[in-house]
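Inspection log for the structure reproduced underneath, given as structure tokens.
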Number of protein chains: 2
Amino acid sequence: MTTETPSSTSAPGEAESGGPRVVPTLEMVAALAGVSRATVSRVVNSSPKVTQQVVDAVNEAIEKLNYVPNRAARSLASRRTQVIALVVPETTAKVFSDPFFATVVQGIALYLSDTDYTLNMLISSETKSEKTRRYLMGGNVDGAIVVSHHSGDHSYAHLGQSLPMVFGGRPLAAEGESYFVDVDNAAGAAGATAHLIESGRRHLATIAGPQDMPPGLDRLSGWRRALSMHGLDQSLVEVGDFTPESGAAAMRRLLDRGVPIDGVFAANDQMAAGAYSAIYERGLSIPGDIAVAGFDDNFYGSTATPPLTTVHQPSHELGAKMAEVLVALIEGKSVEHVTTMPTQLLIRASTAV
Amino acid sequence: MTTETPSSTSAPGEAESGGPRVVPTLEMVAALAGVSRATVSRVVNSSPKVTQQVVDAVNEAIEKLNYVPNRAARSLASRRTQVIALVVPETTAKVFSDPFFATVVQGIALYLSDTDYTLNMLISSETKSEKTRRYLMGGNVDGAIVVSHHSGDHSYAHLGQSLPMVFGGRPLAAEGESYFVDVDNAAGAAGATAHLIESGRRHLATIAGPQDMPPGLDRLSGWRRALSMHGLDQSLVEVGDFTPESGAAAMRRLLDRGVPIDGVFAANDQMAAGAYSAIYERGLSIPGDIAVAGFDDNFYGSTATPPLTTVHQPSHELGAKMAEVLVALIEGKSVEHVTTMPTQLLIRASTAV
DNA sequence: TTGAAAGCGCTAACAG
DNA sequence: CTGTTAGCGCTTTCAA
């Protein structure tokens with residue numbers, strides 16, 4: 001990057017028209033208000049010990065000049081960046097097409113927009129993870145949020161010892177001291193399963209998610225919990241990988257067992273959609289022959305025929321909560337390591353009696 | 001050289017364990033390498049005029065100390081922030097569930113991860129637009145990217161005169177000097193329509209998008225262009241609002257006209273999906289009786305039965321291009337105001353012969 | 001309650 | 001090619 005500046009010193013951002021952009025400084029405000037820079041700084045940071053009179057004068061000057069504090073200067077002086085990093089592992093970014101993730105991010109951004117923090121989005125690919133790590137530890141951010149979709153991958157966990165961090169989704173291994181916000185997968189799954197039972201189904205199967213991912217594990221255990229509470233058989237389990245195809249395959253395997261099945265809980269909507277096709281292939285009906293419930297509440301479920309009963313995740317709130325926890329952490333408040341958000345059962349036609 | 005740190009001053013981010021986080025400074029690198037701070041700065045900024053020997057020594061010191069430049073200090077001194085704002089109008093954020101948008105953002109982030117720029121995401125609601133504006137103009141960012149989904153809303157356009165800005169999607173009114181990156185809607189639509197014609201269809205209709213949105217307008221004109229090139233009738237036009245329901249309604253109106261129709265181009269996949277249901281309602285088949293083509297390439301089209309022929313948008317590349325244009329603009333290079341990205345026709349079963 | 005002064009860590013002329 | 005010298009705009013003791 002050649003940093004030579006032509007003699008005319010055209011300020012960056014001056015663009016092609018308009019006069020030189022003049023950004024008012026705290027000093028100018030001080031001059032206009034007839035006080036010292038220190039006082040202006042106090043007003044800007046709402047220090048309690050400033051005369052109301054002075055406060056008003058300063059605010060008026062600020063208004064008049066359209067003054068906005070310069071973040072860089074502020075950071076440098078206060079040794080606080082007011083920046084929060086949003087780390088998105090590239091593998092997650094690929095699944096970006098999952099509306100769930102997008103909504104979580106939106107929740108984070110919206111929460112932060114009411115604070116003085118700014119969101120810095122980093123896509124961290126394999127090749128750049130070291131760069132990301134350095135950036136995080138280089139004093140460029142006050143904290144970080146790591147959204148790793150379903151994987152439970154907390155490879156940045158150890159950084160949590162030196163930088164406030166919050167993870168989305170519970171880690172696979174009990175990472176001891178890391179903070180995370182998660183949805184109550186087990187309770188959600190148990191609720192959906194209970195609903196199946198309450199609607200009269202007695203021969204329940206499940207299409208579980210990968211057993212090396214926390215949501216896969218937890219949703220399966222939720223299913224088991226509901227069944228054991230009712231003393232029902234728990235042997236009808238097949239595992240998929242969260243794709244529709246795997247759901248269809250799992251459903252076929254279940255049907256091939258030749259035992260009666262009148263209800264299925266799939267660990268996500270995609271697999272439930274896959275199950276639909278397998279069920280229809282065999283000439284069976286939904287919910288007539290088999291009731292189906294899913295998890296996630298996305299497009300696959302809502303557009304299916306019949307619409308899928310599923311477990312809705314409060315993705316927006318999840319994001320907001322992650323931001324909230326992180327900010328609390330940064331500000332030195334003590335926070336629970338684990339925050340669990342409740343899910344909501346969406347009853348639709350696929351489980352009608 | 002007073003680099004002493006008061007014993008009690010606990011650095012922020014010290015978290016609950018681990019020693020005080022010591023972030024190495026350029027000065028420490030200079031000392032270790034036995035050169036001046038200026039030289040270290042030159043090396044860090046890869047200035048060409050430094051002896052290789054010195055460069056190596058400095059880099060070694062950097063490595064040893066795990067030094068990362070402090071962005072705030074750098075910004076303050078260089079009067080460049082190296083930050084790019086991503087402005088997401090909240091209305092767009094609500095449509096966040098559209099994978100298109102998520103992918104565009106990903107493209108932006110990925111492009112920037114290879115540069116020294118950082119992405120700052122701002123959700124700008126009605127109530128906060130003034131805050132956003134101030135933030136942008138307060139010297140906190142070097143430039144901004146505004147992603148306004150389909151609306152063509154360039155309400156931030158006037159800021160472009162003082163801050164480098166790039167918009168996604170062409171503006172509704174010819175905003176004179178604003179920069180934008182868009183997909184070639186007209187060409188894409190013309191291509192899909194041409195494909196319909198080439199596959200033997202002669203009685204073509206279209207379900208156009210809202211005529212107050214650029215994509216709605218451009219896709220309709222693309223359809224017209226293809227028809228006029230073949231001297232076909234252009235009267236079978238109905239307008240929808242990009243929702244499946246509006247697509248179904250529009251299709252019903254078309255069928256109600258009582259004239260022969262053997263092909264339909266819908267301005268997006270959602271409306272095409274709606275058209276499917278209207279067509280099926282009348283007992284007609286796809287593509288047997290009517291061939292259907294859409295635009296966007298999303299879930300609605302790929303999961304439809306039969307899979308929908310549609311126009312794929314290079315969303316990832318679009319994002320990357322937006323970032324590229326903005327960076328060029330910031331660095332004073334001259335760039336075209338309009339950048340149009342090509343689309344790609346995805347031929348699937350809905351237009352089979 | 002307010003002001004003066006001393007930096008935060010880095011870049012950018014300007015000498016040498 | 002390298003070092004010296006000033007700041008960038010703001011916060012923060014420390015006095016007054």
Side-chain angles (χ1 to χ4, degrees), chain A residues 1-9 11-13 22-31 33-58 62 65 67-82 116 138-140, chain B residues 1-9 11-12 22-31 33-58 62 65 67-82 116 138-140 142:
Chain A
M1 184 167 66
T2 355
T3 315
E4 58 178 333
T5 317
S7 53
S8 63
T9 309
V22 50
V23 179
T25 68
L26 179 149
E27 176 142 27
M28 297 168 61
V29 175
V35 297
S36 74
R37 298 182 310 175
T39 300
V40 177
S41 174
R42 290 187 184 103
V43 173
V44 170
N45 295 291
S46 39
S47 153
K49 28 190 172 185
V50 185
T51 319
Q52 186 57 43
Q53 225 176 11
V54 179
V55 172
D56 293 339
V58 171
I62 288 179
L65 294 176
Y67 167 76
V68 180
N70 176 310
R71 271 182 176 264
R74 202 204 280 246
S75 296
L76 191 53
S78 67
R79 316 172 80 22
R80 236 173 303 115
T81 66
Q82 297 287 97
D116 275 327
N140 295 303
Chain B
M1 193 160 54
T2 6
T3 315
E4 58 179 333
T5 315
S7 52
S8 62
T9 305
V22 50
V23 180
T25 68
L26 179 149
E27 176 144 25
M28 296 167 61
V29 175
V35 298
S36 73
R37 297 183 312 173
T39 298
V40 176
S41 174
R42 290 188 184 102
V43 173
V44 170
N45 294 291
S46 38
S47 153
K49 27 190 174 185
V50 185
T51 319
Q52 187 57 43
Q53 224 175 11
V54 178
V55 172
D56 293 340
V58 172
I62 288 180
L65 295 176
Y67 167 76
V68 180
N70 176 310
R71 266 180 179 265
R74 204 206 279 248
S75 296
L76 190 55
S78 65
R79 321 179 69 26
R80 237 174 300 116
T81 67
Q82 298 287 98
D116 276 327
N140 295 302
D142 288 348

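All values below come from the heavy atoms of this structure, side chains included, with hydrogens, waters and symmetry mates left out. Sequence lines set the chain letters: A, B, ... in the order given, protein chains first and strands last, and positions in each chain run from 1.
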Next on the checklist: How long is the straight-line distance from CD of Q82(A) back to CZ of R71(A), given to the nearest 0.5 Å?
Outcome noted: 6.0 Å

Next on the checklist: Under the rule for side chain to side chain donor-acceptor pair (under 3.5 Å), what residues qualify as partners of S41(A), not counting sequence neighbours?
Outcome noted: N45(A)

Checklist entry - End-to-end bend of the helix from dT1(C)-dA16(D) to dG16(C)-dC1(D) (five-pair axes, 10° rounding)? => result 30°

Checklist entry - For S36(A), what residues pass the side chain to side chain donor-acceptor pair (under 3.5 Å) criterion, not counting sequence neighbours? => result T39(A)

Checklist entry - Distance-only, no hydrogens or angles: does the T51(B) side chain make a donor-acceptor pair with backbone N or O of Q53(B) under 3.5 Å? => result no

Checklist entry - Does some side-chain heavy atom of R74(B) sit less than 4.5 Å from a side-chain heavy atom of V44(B)? => result yes

Checklist outcome for this item: To the nearest angstrom, the NZ-C1' distance between K49(B) and dG3(D) comes to 14 Å

Checklist outcome for this item: When rounded to the nearest 0.5 Å, the distance separating CG of N70(A) from OG of S75(B) is 8.0 Å

Checklist entry - What residues form a side chain to side chain donor-acceptor pair (under 3.5 Å) with T81(B), not counting sequence neighbours? => result D142(B)

Checklist entry - Listed by chain and number, what are the side chain to side chain donor-acceptor pair (under 3.5 Å) partners of D56(B), not counting sequence neighbours? => result Q52(B)

Next on the checklist: Protein within reach of the bases, or only the backbone? For nucleotides 8-16 of chain D, mark each nucleotide 5' to 3' as B, S or -, using heavy atoms under 4.0 Å.
Outcome noted: BBBBBB---

